Amino acid sequence: MLGIEALASLDVRQSGTDISPLGYEFTIETISPTRITLVPILRSGLGMLDALQTILPDPVSVHHLGLFRDPLSLHPVEYYNNLPFTRPDSSTAPEGNPSAANLAIILDPVIATGGTAVAAIQTLKEWGVQRVILISVLGCAGGVAKAAGEWPEATEVWIGGIDEELNDRGMIRPGLGDVGDRLFLTIGK
């Protein structure tokens, strides 16, 4: 449901007609921007991936960001990034990275301190993305505000619910626990 609301602002355009296998003519609709990528934050964001792919009319690329929160400092640590990079030549330099998507949709079920979301937004901005949509099921008010303020002119944040406080380990109270552990049936520390 969050994905449907978050993506409702995409521009739908008629791009021609085609003939169905039964011989009926129908209008083809495409969405704009055309270069969209889904960016699940590993591991927990993988649980949101299929749902988002299902509501998009065409297949889009998927690029993973592996980020975890250091348990002592609560700062994000990147351990995996598969965003493609093409060094821009002089003809594309003003537009940035030609391999970057126009729109990146970050999938992260929980925003607690906001550090992981901020790191993901910074990484995508440096990659050359023009716009970011961050979709999360639950967030802490302070962490959501931090994420939304990172690149406010180009970032939309969609949250299913807000809790007000974090515990001393940076976990939302009452919260959901570690979504990756729940998704993959592993035991958290």
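Values in this document were obtained by computation on a predicted structure and should not be read as measured data.
Taken from CG in L2 to CD in E5, the straight-line distance is 8.5 Å, to the nearest 0.5 Å. If you take CH2 on W158 and CD1 on I135, they are separated by 9.0 Å, rounding to the nearest 0.5 Å. Atom CG of L46 is separated from atom CD1 of I41 by 10.0 Å, given to the nearest 0.5 angstrom. Within the model, atoms CG of L83 and CD of E126 stand 10.5 Å from one another, a figure rounded to the nearest 0.5 Å. With rounding to the nearest 0.5 Å, the separation of CD1 in I111 from OG1 in T116 is 9.5 Å. How far CD1 of I121 is from CG of L134: 5.5 Å, rounded to the nearest 0.5 Å.
Between I36 and N102, the closest side-chain pair of non-hydrogen atoms is not below 4.5 Å. The shortest side-chain heavy-atom distance between V39 and I105 does not fall under the 4.5 Å cut-off. Two residues are said to be in side-chain contact when any heavy atoms from C-beta on lie closer than 4.5 Å; V129 and L103 fail this criterion. Using a 4.5 Å cut-off on side-chain heavy atoms (C-beta onward), W151 and V132 make contact.
For the salt bridge (Lys or Arg N to Asp or Glu O under 4.0 Å) test, no residue two or more places apart in sequence or in another chain qualifies with R35. With sequence neighbours left out, A148 forms a side-chain contact (heavy atoms from CB on, under 4.5 Å) with V157. Annotation: side chain to side chain donor-acceptor pair (under 3.5 Å) contacts of N167 (sequence neighbours excluded): none. Under the salt bridge (Lys or Arg N to Asp or Glu O under 4.0 Å) criterion, E165 pairs with R173, sequence neighbours left out. Remark: D168 pairs with no residue by the side-chain contact (heavy atoms from CB on, under 4.5 Å) rule, at least two apart or across chains.
Cluster annotation: Y80 is not connected to V118 through the hydrophobic network of ILVMFWY side chains, with a link wherever side-chain heavy atoms come within less than 4.5 Å. Under the 4.5 Å side-chain heavy-atom criterion for grouping Ile, Leu, Val, Met, Phe, Trp and Tyr, I4 is connected to I133 within one hydrophobic cluster. When the side chains of ILVMFWY residues are joined at heavy-atom separations under 4.5 Å, either directly or via intervening members, L7 and M1 end up in two distinct hydrophobic clusters.
Among pairs with a residue in residues 139-163, those fulfilling salt bridge (Lys or Arg N to Asp or Glu O under 4.0 Å) read R131-E156, at least two apart in sequence or across chains. Pairs of residues two or more places apart, or lying in two chains, never qualify as salt bridge (Lys or Arg N to Asp or Glu O under 4.0 Å) while including a residue from residues 14-24. Among residue pairs with one or both ends in residues 70-80, none qualify as salt bridge (Lys or Arg N to Asp or Glu O under 4.0 Å); sequence neighbours excluded.
Using modelled atom types, one side-chain atom of W127 and one backbone atom of P84 make a donor-acceptor pair closer than 3.5 Å.
Around the OH atom of Y79, the shell of radius 6.0 Å holds more than 12 heavy atoms that belong to other residues, nucleotides or ligands.
The hydrophobic cluster containing M171, built from Ile/Leu/Val/Met/Phe/Trp/Tyr side-chain heavy atoms closer than 4.5 Å, comprises no other residue. Grouping Ile, Leu, Val, Met, Phe, Trp and Tyr residues whose side-chain heavy atoms lie under 4.5 Å apart, directly or via other members, places I28 in a hydrophobic cluster with F26.
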Determine all donor-acceptor pairs shorter than 3.5 Å in which one atom belongs to a side chain in residues 47-67; sequence neighbours excluded.
from : atom 1 : to  : atom 2 : distance (Å)
T54  : OG1    : D50 : O      : 2.7
S61  : OG     : T37 : OG1    : 2.9
H63  : ND1    : N82 : O      : 3.4

Which atom pairs, donor and acceptor, lie under 3.5 Å between side-chain atoms of residues 136-144 and protein residues at least two apart or in another chain?
from : atom 1 : to   : atom 2 : distance (Å)
S136 : OG     : D108 : O      : 2.8
S136 : OG     : P109 : O      : 2.9
S136 : OG     : V110 : N      : 3.4
S136 : OG     : L138 : O      : 3.3

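Nearest heavy-atom pair across P76 and A119 is CG-CB, 3.8 Å. Closest approach of A104 to L124, counting heavy atoms only: CB-CD1, 3.8 Å. A147 and A117 make their closest contact through CB-CB, 3.7 Å (heavy atoms, listed as atom of the first residue, atom of the second, distance).
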